[in-house]
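Accompanying notes for the structure given below.
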Amino acid sequence: MDNNTNRNTPAQLRLTCATCGGHFRIITPTKLGNYALFCPHCKARIKLRMTPKTKNDVLVKPRLVEPVLGEPLKVKDKVYVIRRRAIVFRPYKAICPDCGSDIALLPKQAGKLLTAKCKNCQSMILYKAVENPDNNIPPGSVI
Ligand SMILES: [Zn+2]
Ligand SMILES: [Zn+2]
């Protein structure tokens, strides 16, 4: 046997972009969890969830559903603040600066410092909300 047949090249994973249908390859992540990617064809932001079942030609979907509230600014390790104010009872999300996962933000109270945690890596996002200027939501409604 030739020694050069030792496979030192990392395994690759072939992905299919759900937005544009394009195919591309990445180095197969060795750890399970969420990964933030860009489609090289259409530049869509993509979230790849690596599980033991992830295999070639997995369809990767774009990550944007809710509006991104704003850019998280670092306060200290694993703690970030978003300066832009949310509007109460409107769903937003933040993109975790540490792992690229979506962090759901649902502000339920105005004027208070609110926190949300990344489910993937436990980074913390701090933000504040203001009252809905439309004032459509009756006080005390549970969402
Ligand atoms: Zn694409
Ligand atoms: Zn994270």
Side-chain angles (χ1 to χ4, degrees), residues 4-143:
N4 289 333
T5 53
N6 275 343
R7 292 213 172 81
N8 287 326
T9 47
Q12 291 193 336
L13 184 67
R14 198 168 60 231
L15 304 176
T16 303
C17 172
T19 305
C20 72
H23 303 282
F24 59 102
R25 286 166 188 277
I26 60 163
I27 306 232
T28 306
T30 49
K31 284 203 272 179
L32 302 181
N34 292 324
Y35 290 85
L37 307 168
F38 282 95
C39 170
H41 308 292
C42 70
K43 308 287 186 253
R45 277 171 169 279
I46 288 162
K47 184 173 86 174
L48 171 68
R49 186 159 175 75
M50 275 306 288
T51 71
K53 287 183 181 164
T54 304
K55 39 179 179 298
N56 273 337
D57 290 321
V58 62
L59 201 60
V60 284
K61 297 193 175 137
R63 306 189 309 154
L64 293 174
V65 186
E66 263 107 42
V68 174
L69 179 59
E71 183 82 21
L73 305 169
K74 190 164 186 161
V75 180
K76 56 183 185 182
D77 205 33
K78 308 292 267 178
V79 182
Y80 298 85
V81 66
I82 295 177
R83 300 230 181 272
R84 203 181 135 215
R85 297 287 184 256
I87 293 171
V88 280
F89 298 119
R90 283 203 191 155
Y92 299 86
K93 70 175 185 181
I95 294 163
C96 177
D98 290 323
C99 74
S101 294
D102 290 351
I103 303 172
L105 308 175
L106 183 55
K108 292 185 176 169
Q109 228 181 331
K112 254 189 84 181
L113 195 62
L114 305 169
T115 61
K117 215 177 220 185
C118 175
K119 291 197 172 99
N120 190 44
C121 76
Q122 314 302 318
S123 283
M124 187 107 79
I125 301 280
L126 309 175
Y127 68 106
K128 275 188 179 180
V130 293
E131 293 293 347
N132 189 339
D134 307 335
N135 248 345
N136 283 333
I137 297 159
S141 51
V142 178
I143 295 184

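Read the numbers this way: they start at 1 and go in the same order the structure lists the ligands and their atoms.
- No side-chain donor-acceptor contact under 3.5 Å links Thr16 to the backbone of His23.
- A donor-acceptor contact shorter than 3.5 Å links the side chain of Thr28 to the backbone of Ala11.
- Angle subtended at the Zn ion (ligand 2) by Cys96 SG and Cys121 SG: 100°, rounded to 10 degrees.
- When rounded to 10 degrees, the angle formed at the Zn ion (ligand 1) by SG (Cys17) and SG (Cys42) equals 110°.
- With hydrogens and angles ignored, the 3.5 Å screen pairs a side-chain donor or acceptor of Arg84 with a backbone N or O of Leu69.
- Between the Asp102 side chain and the Ile95 main chain, no donor and acceptor come within less than 3.5 Å of each other.
- None of the N, O or S atoms belonging to His41 lies under 2.8 Å away from the Zn ion (ligand 1).
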